[in-house]
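Inspection log for the structure reproduced underneath, given as structure tokens.
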Amino acid sequence: MKIQPVKGTRDFYPPEMAVRNWIIDGWKKVSVCNGFEEYDGPIFEYLKMFQIKSGDEIVEQLFSLQDRGGRDLALRPEITPTLARMVNQRINSLPKPIKWFSVPRLFRAERPQKGRLREFFQWNIDIIGLEDETGKALADAEVIFTTVDYLRDVGLSGADIQVKISSRRLLSAVLKRIGVPEERLDSLYILLDKKARLPKETFRELLNEQVLNPQHVERIEAFMETKKVSDVKKVVQLDDEINSALDEQGMLVDNLRRMGLSGYYCFDPSIVRGLAYYTGMIFEVHDMVGELRAIAGGGRYDNLLKEFGGPEISGTGMGMGDCVLEILLREKDLIDKQLPKKCLDFFVVCVPGTNFEQDSEDREPMGEDEVVRQTAKLREAGYRANFSYKFGSLGKQLREAYDQNAQKCIIIGEEFRDRQLVVKDIVTGEQELVDYDEFWSRLKA
RNA sequence: GUGAAAGUAGCUCAGGUGGUUAGAGCACUGGAUUGUGGAUCCAGGGGUCGGGGGUUCGAGUCCCCUCUUUCACCCCA
């Protein structure tokens, strides 16, 4: 019986593994460049940890298991709860702000579809522990900057992607001002989040079901269509709460401008983010065509640590999965030309059948033996070196050297009797006869 | 969890209305080629046609079930 890979999982053969490593290495490099430190946690946690902030409907989308001691566990569907747990555990001894990143392997028992699998990788960055408004606005901006920094680094421009920024704080202030009761906000968020995915009429119908007053519906729709922060006052009369949310948004935008991100972001109040624990700035990165689901998303969370039994400390963060990103990068043809090529420093070959004068009690030394000896010596000296197991014709061996993308080829032939090697440059095709001892002293220099 | 389409070699796909031993290109292995490279030519390996059941003298082809994939819905932490 043939065994198939499990639904929603991927096998990484060397070519796919090269892409995965390239993506993850890029994430890590940009994180470090932006001052983040790497952390990680276990791949499974107590099931109840994921129930705290998410509720039971999420549990159905978890891979859960019971260990032999009867503990209810789950494979992690996200790493934020682990982060909250880890930070809480050492909250008093960690210097603030905490700037951490991670690239966890995550699992969700959903029906797979485009850009969404059951096992994937997700880049997470978080900044935790800032107290004043200025610092928080800087942290919010830095999270967005780091996100764009990576996307820019792999060759995506403002013509390919856009960061859509909104604010939960502004949204709630405006909705309350319009007349939506506070207890209705959470369920309304879930609907508003779907706006982009629903036909206009359907969205309006659902909105009318939730908000009974037609005037309120009209004003909510008007707010969702707002293109500029300064236009908010045209939709609702400002109050203290709205003003303070607008100030926060203003500081964020100022910082983004200073960081040189003009052309990469826009204000879009229709960005709401699903369930989540967001309380301030929220953002999503989308492709310009708008065909794909969000490439990345994040925002400010003020109560997360507290919900996990910690102090009231605010944080801000971002998550970017590898699936949608790879689809977009492939569409833009940005992967193949940037993949680091596998390459060798040396490939050692011999003229088959060449033998040398006997210099010990061993059997007569052959070219093949010398290939193994010289390759091992090169490897010991720290070079990437390889040779052919098959010792076919010289042409075959050279072909293999070419296929393995070697820089130089060392040919061992009859001239080795006079302690000489032929060193051939694979790229230019040039070759020279080099004295054996000189070859090695040149390498060491 | 719901709905739709698809599944033939490692990959991309041929195989009118059921009919001999299921094919091609690419890829892979070997040879032509015993001191110099991606070419060319020749040969070879590789398939329970996703799996199971049924109809039939006979099923890759028709019917049912199931698995997987893709797409849409649900959901999106």
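Heavy-atom basis, side chains included; hydrogens, waters and symmetry copies ignored. Quick note on labels: first sequence line is chain A, next is B, and so on, each numbered from 1.
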| said: Tell me which nucleotide, if any, is Watson-Crick or G-U wobble paired with B:A39 when both distances must be under 3.5 Å. | reply: none

| message | Measuring from the side chain of A:Gln113 (C-beta onward, heavy atoms only), which nucleotide among B:U68, B:U36, B:C73 has the closest atom? | response | B:C73

| message | With a 3.5 Å distance limit and no angle check, can you tell me whether A:Glu37 reaches the backbone of A:Trp100 through a side-chain donor-acceptor pair? | response | no

| request: Once you apply the 3.5 Å cut-off to both distances, tell me the Watson-Crick or G-U wobble partner of B:U56, or none. | output: none

| request: Examine B:A77: is either OP1 or OP2 under 4.0 Å from a nitrogen or oxygen in the side chain of A:Arg273? Give yes or no. | output: yes

| note | The Watson-Crick or G-U wobble partner of B:U61, with both key distances under 3.5 Å, is none

| remark: A:Leu344 meets the side-chain contact (heavy atoms from CB on, under 4.5 Å) criterion, sequence neighbours left out, with A:Phe347, A:Arg384, A:Asn386, A:Gln404, A:Ala406

| What is the ring orientation for A:Trp123 with A:Trp27, classed by angle as parallel under 30°, tilted 30 to 60°, or perpendicular over 60°? | parallel

| remark: Whole-Å distance, A:Glu110 CD to B:A77 P, equals 10 Å

| What distance, rounded to whole Å, do you find between the two P atoms, one in B:U56 and one in B:C74? | 46 Å

| request: Can you tell me, in whole Å, how much space there is between the P of B:C13 and that of B:C64? | output: 26 Å

| field | Euclidean distance, atom CD of residue A:Gln4 to atom C1' of B:G51 [Å, nearest integer] | value | 9 Å

| message | Taking B:C11 as the reference, what is the distance to B:G53 when you measure between their C1' atoms (whole Å, please)? | response | 31 Å

| Partner nucleotide of B:G1 by Watson-Crick or wobble geometry (both distances under 3.5 Å) | B:C73

| field | Spacing of the P atoms in B:U8 and B:U2 (rounded, Å) | value | 25 Å

| request: Indicate the atoms forming the closest heavy-atom contact of A:Glu432 with A:Arg442, along with that distance. | output: OE2-NH1, 3.6 Å

| Separation of atom CG in A:Leu394 from atom P in B:G35, rounded to whole Å | 7 Å

| field | Base B:G35 to side chain A:Glu415, donor-acceptor N/O within 3.5 Å cut-off | value | yes

| note | Per atom distances to the A:Arg293 side chain, the nearest of B:G35, B:A77, B:C76 is B:C76

| request: Name the pairing partner of B:A22, where a pair is Watson-Crick or G-U wobble with both distances under 3.5 Å, or state none. | output: none

| query | Has A:Lys396 got a side-chain N or O lying under 4.0 Å from the OP1 or OP2 atom of B:G31? | reply | yes

| task | Measure the distance from CZ on A:Phe63 to C1' on B:A77 and round it to the nearest whole Å. | result | 15 Å

| said: Is it the case that B:U36 (base atoms only) and A:Arg399 (side chain only) share a donor and an acceptor within less than 3.5 Å, ignoring hydrogens and angles? | reply: no

| message | Which nucleotide wins on minimum distance to the side chain of A:Val422, given the candidates B:G35, B:A72, B:C76? | response | B:G35

| Which value, in whole Å, describes the distance between the C1' atoms of nucleotides B:U17 and B:A59? | 14 Å

| request: Verify whether one side chain among A:Glu119 and A:Thr9 offers a donor that lies under 3.5 Å from an acceptor in the other. | output: no

| request: Calculate the interatomic distance between A:Ile190 atom CD1 and B:A77 atom C1'; express it in whole Å. | output: 12 Å

| message | Does a side-chain N or O of A:Lys390 approach OP1 or OP2 of B:G30 to a distance below 4.0 Å, or not? | response | yes

| request: Take atom CZ of A:Arg108 and atom C1' of B:G1, then tell me their distance rounded to the nearest Å. | output: 18 Å

| said: With rounding to the closest Å, how many angstrom separate the P atoms on B:G23 and B:G47? | reply: 14 Å

| Same-atom distance (P) from B:A27 to B:C41, integer angstrom | 12 Å

| When you compare B:U48 with B:U29, how far apart are their C1' atoms, in angstrom units rounded to a whole number? | 25 Å

| What's the closest nucleotide to the A:Arg111 side chain, out of B:G1, B:A77, B:U36? | B:G1

| query | Does B:C49 have a Watson-Crick or wobble mate here (both distances under 3.5 Å), and if so which one? | reply | none

| task | Could you please name the partner base of B:A6, counting Watson-Crick and G-U wobble pairs only when both distances are under 3.5 Å? | result | B:U68

| field | Nucleotide nearest A:Pro352 when distance is taken to its side chain, options B:A72, B:G35, B:A77 | value | B:G35

| message | Rounded to whole Å, please give me the gap between CG in A:Leu117 and C1' in B:U68. | response | 14 Å

| query | Any N or O donor-acceptor pair linking the side chain of A:Lys7 to the base of B:U69 at under 3.5 Å? | reply | no

| query | Within the side chain of A:His286, is there an N or O that forms a donor-acceptor pair under 3.5 Å with the backbone of A:Val163? | reply | no

| remark: Re B:G44: Watson-Crick or G-U wobble partner, both distances kept under 3.5 Å, found to be B:C28

| Quick one: A:Glu430 CD to B:U36 P, roughly how many Å, whole number? | 18 Å

| message | Are A:Asp126 and A:Thr316 packed together at the side-chain level, in the sense that at least one heavy-atom pair is separated by less than 4.5 angstrom? | response | no

| task | Would you indicate what A:Gly321 reaches in the nucleic acid, counting non-hydrogen atoms under 4.0 angstrom: base, sugar-phosphate, or nothing? | result | nothing

